[in-house]
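Comments concern the structure below.
Naming convention: chains lettered A, B, ... in sequence-line order (proteins, then strands); numbering from 1 in each chain. In what follows, every heavy atom counts, from backbone to side chain, and hydrogens, waters and symmetry copies are set aside.
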There are 2 protein chains.
Amino acid sequence: MLEFIILGFLMCGETSGYDLKQWMTKSTSYFFDASFGSIYPALKRLGDKQLVIFKESVEGSKYKKVYQITETGKEAFMKWIAEPIAFEKSKQDHLVKIFFYEFLPKEKAIANLKGLIEVIQPIEKNLIGQKEEASQKYDVYQFYYRYATMVYGIDYYRFIMSWCNDMITKLETDTETIRSERFNTK
Amino acid sequence: MLEFIILGFLMCGETSGYDLKQWMTKSTSYFFDASFGSIYPALKRLGDKQLVIFKESVEGSKYKKVYQITETGKEAFMKWIAEPIAFEKSKQDHLVKIFFYEFLPKEKAIANLKGLIEVIQPIEKNLIGQKEEASQKYDVYQFYYRYATMVYGIDYYRFIMSWCNDMITKLETDTETIRSERFNTK
DNA sequence: TAGGTCATGTAAAGAGTTACATGATTTT
DNA sequence: AAAATCATGTAACTCTTTACATGACCTA
């Protein structure tokens, strides 16, 4: 997967391992991210397979290995991108604790759900900022798909927060026995 | 994470490694899943830490190692469940290809998006079935949180499909230059 | 001149899956 | 009698992050 994402970025122009990481952080990190520890070895592998080549660039004393995609690399990327989109049930770690919240006192449950919203909110705000920046800098039609994935990200965060809020409301209003206190009733 | 999920299931009653996997498949697999190759070693580790104990059960010639949570295990679980909910940006692998769809002809893009919807639809239908089954078998108030995570799952799948449909509609109606064919215009 | 960022890379550790191995029992 | 399921477990492999190592350059 990572190798193809790198090829994808290289389809848009040559770049270095370091800059690749910057691009990812800026543009895909809300649905895909990678560390230097995986990017550099991936570039090495891509080089071995001759899907990319690099030239050493020294711009005003700054050393960089600038990678370019090869014709073989383009072919590999085009083959990959045309394949059907696989769907893997994606891990939603934040649901794991909530699944077992029957063991937590209701007040604590509400507090933690509110806490989760407060963690997600700044992430959402940040992505909104990125989206607005992008819509000013670039033609939305030209970058239609990238723009759409940002909208996905924002709406996804909103979806989670809205779901949390619904729970909080229900927990607060249904004063009757939502048995959210298996912990206490024991 | 896996170890705590196992503890969570054991909080609800004793069970075997094999049945643990069945429970996960039935109830958490849409946001968390694990294979036998990780469950059995996890149970071993939990045993080493004395958070669980097991007894060998032979019910009518059928051998099982039935695990129970210990008092120490309960304490560890209660500590974990009370902690704030962490939020990790979760991988959404299905977005990766779409992010680079500028390199795909529009018709192919639409076809693949439709394909993705067709992959998700049965998964959603399946979860709806599970939800209905659960609401008949159990008291929704008693299993409020588990029910809520199912609603999350269903709405999450719907969100993705709806996002895909929006894209398809826009791609089909905006006959003007959505530059979704960088591939061809080169 | 100290700390931050730029830039590349490696080694160890973590967390998991896949595939295999085993053997009993149950269904077709 | 063969195939599927029940039940446990291990070994190899994959993919990843974290932490470290290195060195140059930039800025307060």
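Within 4.0 Å of A:Gly17, counting heavy atoms only, lie sugar-phosphate atoms of the nucleic acid but no base atom. In this structure, A:Tyr40 reaches the bases: a heavy-atom distance under 4.0 Å links it to at least one base atom across the strands shown. As judged by a 4.0 angstrom heavy-atom cut-off over every strand, B:Lys44 is placed among residues making no nucleic acid contact. Among the heavy atoms of the strands lying under 4.0 Å from B:Lys91 are primed sugar atoms or P, OP1, OP2 only; no base atom is included.
To the nearest 0.5 Å, atoms CD1 (A:Ile5) and OG1 (A:Thr28) are separated by 6.0 Å. One distance of note links CD1 of A:Ile53 with CG of A:Leu46; it measures 12.5 Å at 0.5 Å rounding.
The listed nucleotides are C:dT8, D:dC6, D:dG9; the one nearest the side chain of B:Tyr18 is D:dC6. When distances run from any side-chain atom of A:Leu2 to the nucleotides D:dT16, D:dT18, C:dT8, the shortest one goes to D:dT16.
A side-chain donor from one of A:Thr149 and A:Tyr30 sits under 3.5 Å from a side-chain acceptor of the other.
Axis angle across the helix from C:dT1-D:dA28 to C:dT28-D:dA1, with five pairs used at each end and values rounded to 10°: 30°.
Checked against the 6.0 Å centroid threshold, A:Phe77 and A:Phe4 do not count as a close aromatic pair.
Listed pair A:Ser35 / D:dT17 meets the phosphate criterion, a side-chain N or O lying under 4.0 Å from OP1 or OP2.
Judged as a salt bridge (Lys or Arg N to Asp or Glu O under 4.0 Å), and not counting sequence neighbours, B:Asp93 has no contacts.
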